[in-house]
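Down below is the structure, laid out as structure tokens.
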Amino acid sequence: MAENNSSSLMEKVISLSKQRGFVFQSSEIYGGLKSAYDYGPLGVELKRNIMNEWWRSMVHEREDVVGIDASIIMHSKVWHASGHLAGFSDPLVDCLISKERFRADKAPRPQPKDELPIECADKGQAKIYLEAIQKRFNIELKRNGKTLYGMKVIDENTMGFFPDDSGKPAETFPYKGYVSPTFGSPFLSDERQFNLMFRSQIGPIDVMGDITAYVEQNKELDGKELRTGIEEIVKKSAVYLRPETAQAMFVQFLNCQQSMSMKVPFGIAQMGKSFRNEVTVEHFIFRSCEFEQMEMEFFVEPGSQKEWLDYWRDRRMEWWQKLANDPSKFRYRAHEKDELAHYADACYDIEYEYPWGFDELEGVASRTDYDLKKHAEHSGAKLSYFDQQKQDPETGKNGWRYTPYVIEPAAGVTRGLLVYLLDAYHEETVPNADGADSSRVVMKLHPRLSPIKVAVLPLVKKEGLPDIAREMVSGFFKAGINARYDEQHSIGKRYRRHDEAGTPYCLTIDGQTKEDGTVTIRDRDTMKQERISKDEALQIIQKRLIES
RNA sequence: GCGAAAGUAGCUCAGCUGGUAGAGCAUAACGUUGCCAACGUUAGGGUCGUCGGUUCAAAUCCGAUCUUUCGCUCCA
């Protein structure tokens with residue numbers, strides 16, 4: 001088998017995705033929309049199959065997990081309680097010279113009397129920046145190689161340009177208290193809020209009307225005051241697209257627990273779309289603003305979270321590996337303390353070795369009781385659990401009321417789809433009809449993930465063979481198996497086409513079928529064929545799908 | 001957001017210094033063949049990402065913009 005060059009594997013998978021109908025660029029005929037993707041005829045099947053497998057293993061096959069499907073738009077108080085509305089808007093600043101954008105709270109903070117050298121990447125850049133500063137601020141900094149100097153912090157709010165050693169500034173500027181991390185530039189824009197959640201307005205009356213009226217009535221206000229006023233108006237009817245599906249499980253914790261009489265430990269699972277205004281989008285469908293998640297919140301007794309964290313990490317790892325050709329490409333990595341989100345006391349990332357290196361596929365986090373407590377606090381609901389069988393560890397009395405701890409396996413569907421496309425892609429050298437080498441591309445998707453399970457192919461388009469094939473196809477449909485009739489082109493070409501689509505089995509109807517009622521079944525991976533009875537074909541394929 | 005590269009037929013690409021677009025594969029039809037990318041004949045398909053500028057003339061030069069890829073930054 002020819003080894004794939006990993007740098008071009010991504011390109012090949014993207015190209016095949018488009019050609020075979022797995023993934024298309026969104027709005028392509030209008031020039032495409034930044035990092036939004038559509039799932040094509042095969043992609044939608046693959047995505048659903050991944051999600052169905054997840055649902056089956058996480059919900060159907062478990063007595064201790066129930067599912068929900070919550071709305072994408074939730075009460076905006078949910079996001080206040082979860083901390084998303086605060087945490088989502090980080091103040092960002094642009095360097096006016098280099099155009100670098102960075103987070104103000106993470107920037108270096110030179111103190112009064114400190115020099116403010118601007119370290120450029122090279123001499124050429126230094127010259128360009130020198131000119132830009134001269135043009136914009138009308139001061140001529142000194143240049144030494146790739147460093148520009150002459151700026152100094154005077155006090156907390158002021159910096160100055162010191163052209164000589166006299167100690168007197170030729171010009172002073174307001175100082176923001178920090179400089180840009182890469183160049184050390186103190187020439188910065190104001191801090192701006194970048195909302196990472198998608199905001200919209202609910203209600204039929206456009207909020208622009210209220211804003212216009214407000215602005216007209218408050219013409220004397222300055223920019224900052226106006227902004228605050230407008231924010232108030234907008235926020236009144238603002239709704240947000242969920243940035244994760246998890247919050248719905250916390251908010252519906254009591255309803256699920258009570259309606260289904262669930263006893264801790266138990267979980268609530270959900271699959272669906274989430275939305276984030278990512279700062280950067282990258283790697284095809286790996287990170288995009290609209291994405292799909294498969295999340296489960298597993299509620300456990302306080303103190304047992306470590307044990308359950310390990311349990312779910314292992315279960316999830318097994319699941320990913322079971323459906324892949326190469327389990328060695330998966331690993332898990334414990335988060336460092338400084339990497340942990342504010343709500344977590346431990347976290348594992350399940351990572352996959354993508355063409356650009358190991359990167360996240362699923363996070364298994366121990367979220368403590370943070371979320372339930374926050375929602376209890378903000379909503380006034382009693383989001384706790386009463387266990388009659390247990391003793392309260394503090395009072396020693398029978399019956400224990402506590403806020404459950406939460407273990408959260410949160411997987412990206414879209415990332416999973418990318419992983420399985422990458423894992424499935426194989427190029428092989430196989431003999432052609434004359435025995436010479438020819439190459440074939442085959443998507444070795446797990447049969448249960450394959451968009452099409454079985455292709456039924458009449459060897460020729462005549463002698464009644466198409467009728468037999470179509471009859472078999474409808475038999476598969478009745479059994480709930482996605483089959484496909486295909487009569488275009490030579491038989492060899494049809495096999496190769498279904499190799500690329502990842503179809504695991506091809507049934508071929510030939511002249512002998514009419515004589516003895518047998519067909520050939522061809523295996524995608526081995527390319528081996530056997531003759532089986534036409535009437536047993538459905539059973540045989542059903543059996544292989546279950547056992548695979 | 002910054003830097004670099006790219007965008008020409010469904011796909012992969014060619015098109016040299018400006019002169020009104022080509023190949024292979026793919027697609028469709030007919031014929032022949034009949035088990036691993038067959039052959040023959042024929043056909044369809046591009047306002048060269050978009051907008052603007054220079055020019056007698058722009059796929060080609062210039063500017064802007066959108067999109068993609070890679071690197072940086074970011075990823076609560």
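Every chain is numbered from 1 and lettered A, B, ... according to where its sequence line falls, protein lines coming before strand lines.
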Applying the Watson-Crick and G-U wobble criteria at under 3.5 Å, what pairs with B:C61? Answer none if nothing qualifies. B:G53

Identify which nucleotide among B:U69, B:C75, B:A37 has an atom closest to any side-chain atom of A:Glu500, counting heavy atoms from C-beta outward. B:A37

More 5' along RNA chain B: A:Val441 or A:Lys462, using each one's nearest nucleotide? A:Lys462

Which atom of A:Gln247 lies closest to which atom of A:Met74, heavy atoms considered: C-CE, 4.3 Å

Can you confirm whether A:Gln201 is buried at CD, in the sense that more than 12 heavy atoms of other residues, nucleotides or ligands lie under 6.0 Å from that atom? yes

Report the distance from atom CD of A:Gln19 to atom C1' of B:A26, rounded to the nearest whole Å. 8 Å

Taking atom P in both B:G40 and B:A26, what distance in whole Å separates the two? 12 Å

State which of B:U69, B:U12, B:C35 makes the closest approach to the side chain of A:Tyr37. B:U69

P-based separation of B:G46 from B:C30 [nearest Å]: 23 Å

Choose from B:C11, B:C35, B:U67 the nucleotide whose nearest atom is closest to any side-chain atom of A:Gln25. B:U67

By the 4.0 Å heavy-atom rule, please label A:Gln488 as base, sugar-phosphate, or nothing. sugar-phosphate

Interatomic distance at C1', B:A9 relative to B:A21, whole Å: 11 Å

Base of B:C36 paired with side chain of A:Arg494 (donor-acceptor, under 3.5 Å): no

Separation of B:C35 atom C1' from A:Lys528 atom NZ, nearest Å, is 16 Å

Between B:C35, B:C75, B:G10, which nucleotide gets closest to the side-chain atoms of A:Arg287? B:C75

Roughly, in whole Å, what's the span from CZ in A:Arg497 to C1' in B:C25? 14 Å

Using only atom types and a distance under 3.5 Å, with no angle test, would you say the side chain of A:Arg524 pairs donor to acceptor with the backbone of A:Gly502? yes

Any strand: nucleotide that pairs with B:C39 via Watson-Crick or wobble, under 3.5 Å: B:G31

Value in whole Å for how far the P atom of B:C35 lies from CG of A:Asp486: 17 Å

Taking atom P in both B:U8 and B:U60, what distance in whole Å separates the two? 13 Å

Counting only Watson-Crick or G-U wobble pairs whose two distances fall under 3.5 Å, which nucleotide matches B:G7? B:C66

Distance check, P atoms only: B:A59 and B:G22, in whole angstrom units. 14 Å

Need one value for A:Arg522: base, sugar-phosphate or nothing, where a base atom within 4.0 Å counts as base even if backbone is also close, heavy atoms only. base

Go through it in stages, so that I can follow the logic: the residues are A:Val44 and A:Phe22, the test is side-chain contact (heavy atoms from CB on, under 4.5 Å), and I'd like the CA-CA distance, side-chain angles, deciding distance and then a yes or no. CA-CA 7 Å; A:Val44 61; A:Phe22 283 100; over 6 Å; no

Is the NZ atom of A:Lys77 crowded by more than 12 outside heavy atoms at less than 6.0 Å? no

Testing A:Glu295, A:Lys273, A:Glu297 one by one against A:Thr245 for a side-chain hydrogen bond (donor to acceptor under 3.5 Å, both in side chains), which residue passes? A:Glu295

Could you state the atom-to-atom distance from CZ of A:Phe198 to C1' of B:A76 in whole Å? 15 Å

On RNA chain B, more 5' by nearest nucleotide between A:Arg415 and A:Ser490 is A:Ser490

Given atom NE2 of A:His489 and atom P of B:C39, what is their separation to the nearest angstrom? 12 Å

Protein-nucleotide distance (A:Arg496, atom CZ; B:C25, atom C1'), rounded to Å: 15 Å

With rounding to whole Å, what would you report as the distance between B:C39 and B:G34 at their C1' atoms? 13 Å

Provide, to the nearest angstrom, the distance between the CD1 atom belonging to A:Ile14 and the C1' atom belonging to B:C11. 14 Å

Taking pairing as Watson-Crick or G-U wobble with both contacts under 3.5 Å, can you name the mate of B:G44, or confirm there isn't one? none

B:C70 phosphate, OP1 or OP2: any side-chain N/O from A:His283 under 4.0 angstrom? yes

Look through every strand shown and name the nucleotide pairing with B:C2 as Watson-Crick or G-U wobble, where both distances are under 3.5 Å. B:G71

Report yes if a side-chain nitrogen or oxygen of A:Lys493 is closer than 4.0 Å to either non-bridging phosphate oxygen (OP1 or OP2) of B:A26; otherwise report no. yes

Rounded C1' spacing from B:A58 to B:G49 in Å: 16 Å

Donor-acceptor pair under 3.5 Å, A:Asp510 side chain vs B:C35 base: yes

Strictly by Watson-Crick or wobble contacts shorter than 3.5 Å, is anything paired with B:A21, and which nucleotide is it? none

Indicate yes or no: at least one non-hydrogen side-chain atom of A:Leu141 is less than 4.5 angstrom from one of A:Tyr149. no

Between B:G1 and B:G18, how far is it from one C1' atom to the other, in whole Å? 36 Å

Cation over ring, A:Arg109 on A:Tyr178, under 6.0 Å and within 45°? no

